[in-house]
Amino acid sequence: MGYTSKHGRRPSEYASKSAHSHIINDQSLQEFLKQCNLPKLASEVTLDDCDRLIYQPVAKNPIRNVVAIDGGYTEVAVQTGFPSSTVCFFQIGALIFSIDDLDGLGKQPFIDPDDMAKLKQIQRLKLTLPVRNIQFKSESTLVDSVRRTIHNFFCQKIDNEELIATLRWFIFQEYDVSLPTKNLASCPVCRNKGIPLHLEKMTNDYTFSCNNCGTEIFLTDVFRLHEAIDEELGAGGILGYLMTTLEQIILVHFIRLILKIKPALLEEILFVKDGPLAFFGQTANMHSPMRSLVNFLFKHHNLYLAGLEKSGAFVEHADEISEKLEKGTVLILNNDYIYKYILPGKADPTKPYGSTTYYSNKLIFKTLAGGMYIVSLPTSRDMTNPKEADFRNLSAILTNIEKLKCDMYDSSLIPIALANKLVSLADHPSSRILQKFAKGAIHS
């Protein structure tokens with residue numbers, strides 16, 4: 001990468017135009033590639049390795065409304081000198097659609113949210129997070145600044161209910177028989193392991209005290225994001241993990257509100273999340289309480305929930321084998337198939353794919369119109385070889401995925417496409433506008 005001093009006295013350093021030839025001709029590289037497995041081409045895939053079923057739309061659609069949740073974020077510099085300082089702007093949107101209002105819109109290739117008079121925006125949430133070489137004046141470190149920022153975000157109200165109250169409800173399973181204690185993996189300050197968080201000792205501000213060093217611990221520290229922040233390198237490594245966590249905790253918030261106001265509504269609402277139903281990185285431990293909530297809802301109420309992927313290895317594989325699948329086919333992905341054809345590796349019969357991150361299982365759905373979707377649906381437990389019976393409300397969910405198809409983007413649905421359009425922060429002009437705003441706010 002080239003570098004020029006700010007005085008411009010030295011020429012830029014340019015990469016060699018021929019250095020790649022030494023790599024290409026290196027025998028060790030060629031030997032290395034010969035020993036590697038790669039994702040399989042369509043000609044190498046045998047669909048008999050997975051259960052297949054023929055999709056039949058439900059005669060009477062139980063879904064009356066769809067709630068779509070999506071978010072976007074962008075990192076901008078608020079000080080461009082040395083050292084540079086950056087913050088990240090997050091925006092998460094939740095939209096509700098009436099199925100009756102949307103009938104027929106799936107045939108339109110381009111849809112503008114402004115043209116849909118009956119589209120209702122539930123809320124657009126915003127978060128500004130310190131990322132690199134910046135900290136709160138009230139905090140001594142970047143780690144503590146990030147922790148405080150996330151805690152403050154969760155303390156805001158959505159529909160007159162604090163988001164952090166939902167986090168307590170979720171973590172301590174207050175929807176069922178409350179758990180008296182939740183163990184925190186490590187203290188953000190002393191790094192002592194296995195810190196017990198006793199529900200009865202939680203303050204009105206949703207904080208605890210470390211039993212080792214006495215420091216203040218936020219309930220939001222259960223996400224373990226502090227473990228992946230470096231005072232010099234910054235918090236850039238947590239941004240994606242935080243985004244998908246916020247989306248799903250907001251989903252939990254809406255479920256809690258529905259259970260509080262009118263539980264019967266769960267019988268007629270489909271929740272759609274952009275991306276798989278999973279938690280990644282430092283927040284992966286959240287998949288366990290999420291599965292507990294899913295099982296409670298399946299047992300006592302109901303839940304229509306689907307994750308839709310627009311990119312990644314599974315989407316690329318679905319595109320590769322699309323010609324092999326008949327329209328209206330559902331391919332249920334198992335461990336052997338995933339590791340044989342999609343993710344190079346060896347399947348472990350004792351360790352289901354995504355067992356430490358997913359509270360769902362995946363399937364490939366080719367609609368009657370020929371659209372290809374990677375869908376993840378919540379399941380009651382980890383499974384290496386899921387079957388049709390393991391997916392609750394499968395036909396109803398697929399019926400609505402077919403109904404809400406959208407040609408704006410590959411593998412997209414109308415709710416997700418619109419939610420993305422309303423909350424996504426493009427590189428231009430969003431990042432430049434946000435950069436000027438942030439600089440002005442800091443120096444004012």
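Scope of the values below: all heavy atoms of this structure, side chains included, with no hydrogens, waters or symmetry mates.
Checking side-chain atoms of N133 against main-chain N and O of S84 turns up a donor-acceptor pair under 3.5 Å. Without hydrogens or angle criteria, N400 side chain to A396 main chain gives a donor-acceptor distance under 3.5 Å. For T46 (side chain) and D48 (main-chain N/O), no donor-acceptor pair under 3.5 Å exists by modelled atom type. When atom types are taken as modelled, the side chain of Q282 and the backbone of Y241 share no donor-acceptor pair closer than 3.5 angstrom. A donor-acceptor contact shorter than 3.5 Å is absent between the side chain of S360 and the backbone of S376. Checking side-chain atoms of T244 against main-chain N and O of G240 turns up no donor-acceptor pair under 3.5 Å. Checked by atom type and distance alone, the side chain of N335 pairs as donor or acceptor with a backbone atom of D348 at under 3.5 Å. D144 places no side-chain N or O within donor-acceptor distance of the main-chain N or O of Q135, the cut-off being under 3.5 Å. Side-chain atoms of Q248 never come within 3.5 Å of backbone atoms of L277 as a donor-acceptor pair (strictly under, hydrogens ignored). With hydrogens and angles disregarded, no donor-acceptor distance shorter than 3.5 Å links the side chain of D205 to the backbone of T207.
The only option from F365, Y353, Y341 that meets the ring-ring contact (aromatic ring centres under 6.0 Å, His included) definition with F314 turns out to be Y353. With F223 as the fixed residue, the ring-ring contact (aromatic ring centres under 6.0 Å, His included) test singles out one of F280, F170, F154, F153: F154.
The two atoms that bring G236 and V131 nearest to each other are N-CG1, 3.7 Å, heavy atoms only. Pairing each heavy atom of V143 with each of H226, the nearest pair is CG1-CB, 3.8 Å. Shown here for L47 and L325, the closest heavy-atom pair between the two residues is CD1-CD2, 3.5 Å. Counting all heavy atoms, side chain and backbone alike, L233 lies closest to R132 at O-NE, 3.1 Å. Annotation for E227 and A185: closest pair OE2-CB, 3.6 Å, computed over non-hydrogen atoms. Nearest heavy-atom pair, C213 versus C187, reported as atom, atom and distance to 0.1 Å: SG-SG, 3.7 Å.
Rounding to the nearest 0.5 angstrom, the gap separating the NZ atom in K193 from the CD1 atom in I195 is 9.5 Å. Distance check: L270 CG to N393 CG gives 9.5 Å after rounding to the nearest 0.5 Å. Atom-to-atom distance recorded for N385:CG and L333:CG is 11.0 Å, nearest 0.5 angstrom. Interatomic distance, N212 CG to S186 OG, rounded to the nearest 0.5 Å: 11.5 Å. If you take NE2 on H300 and CG on N295, they are separated by 10.0 Å, rounding to the nearest 0.5 Å. T128 OG1 to N152 CG: the interatomic distance, rounded to the nearest 0.5 Å, is 12.0 Å.
Contact check for L129 versus V87: no side-chain heavy atoms found under the 4.5 Å cut-off. Between I134 and S145 the shortest side-chain heavy-atom distance does not fall below 4.5 Å. The side-chain heavy atoms of P349 and T384, taken from C-beta on, include no pair separated by under 4.5 Å. Side-chain contact between V146 and E139 is absent, with no heavy-atom pair separated by less than 4.5 Å. The side-chain heavy atoms of Y55 and L394, taken from C-beta on, include no pair separated by under 4.5 Å. Using a 4.5 Å heavy-atom cutoff, the side chains of I401 and L308 are in contact. Within the 4.5 Å cutoff, side-chain heavy atoms of I321 are placed close to those of L331. Residues P352 and M383 form no side-chain contact, since every pair of their non-hydrogen atoms from C-beta on lies 4.5 Å or further apart.
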Q.
As a quick check of understanding, evaluate side chain to side chain contact (heavy atoms under 4.5 Å, CB included) for L127 and L242, giving each step before the final call.
A. CA-CA 11 Å; L127 165 66; L242 178 58; 4.1 Å; yes
Q) How far apart are the C-alpha atoms of L246 and L125, what are their side-chain angles, what is the distance that settles it, and do they pass the side chain to side chain contact (heavy atoms under 4.5 Å, CB included) test? A) CA-CA 10 Å; L246 292 177; L125 304 175; over 6 Å; no
- Query: Given K182 and L199, is the side chain to side chain contact (heavy atoms under 4.5 Å, CB included) satisfied, shown in steps?
  - Reply: CA-CA 8 Å; K182 173 71 176 180; L199 180 59; over 6 Å; no
Apply side chain to side chain contact (heavy atoms under 4.5 Å, CB included) to the pair I54 and E326, showing each step before the final yes or no. CA-CA 9 Å; I54 302 302; E326 297 292 332; 5.7 Å; no
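Residue pairs meeting the ring-ring contact (aromatic ring centres under 6.0 Å, His included) criterion with at least one member in residues 187-212: none, sequence neighbours excluded.
Residues N361 and D390 bring no donor and acceptor atom of their side chains to less than 3.5 Å of each other. A donor atom on one side chain and an acceptor atom on the other are found under 3.5 Å apart for T379 and R291.
Annotation: R64, atom CZ; neighbour count of heavy atoms from other residues, nucleotides and ligands within 6.0 Å does not exceed 12. Other residues, nucleotides and ligands contribute more than 12 heavy atoms inside 6.0 Å of the NZ atom of K324. Atom CD of E388 has 12 or fewer neighbouring heavy atoms from other residues, nucleotides or ligands inside a 6.0 Å radius.
Between Y337 and H317, the ring planes lie perpendicular to each other; the angle is over 60°, past the 30° to 60° tilted range. The aromatic rings of H151 and F218 lie parallel to each other, their planes meeting at an angle below 30°, with 60° marking the opposite boundary.
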Solution key, residues 249-263 side-chain donor-acceptor pairs under 3.5 Å, sequence neighbours excluded:
from: H253; atom 1: ND1; to: T166; atom 2: OG1; distance (Å): 2.6
from: H253; atom 1: NE2; to: I158; atom 2: O; distance (Å): 3.1
from: R256; atom 1: NH1; to: T166; atom 2: OG1; distance (Å): 2.9
from: R256; atom 1: NH2; to: E161; atom 2: OE1; distance (Å): 3.3
from: K260; atom 1: NZ; to: E161; atom 2: OE2; distance (Å): 2.3

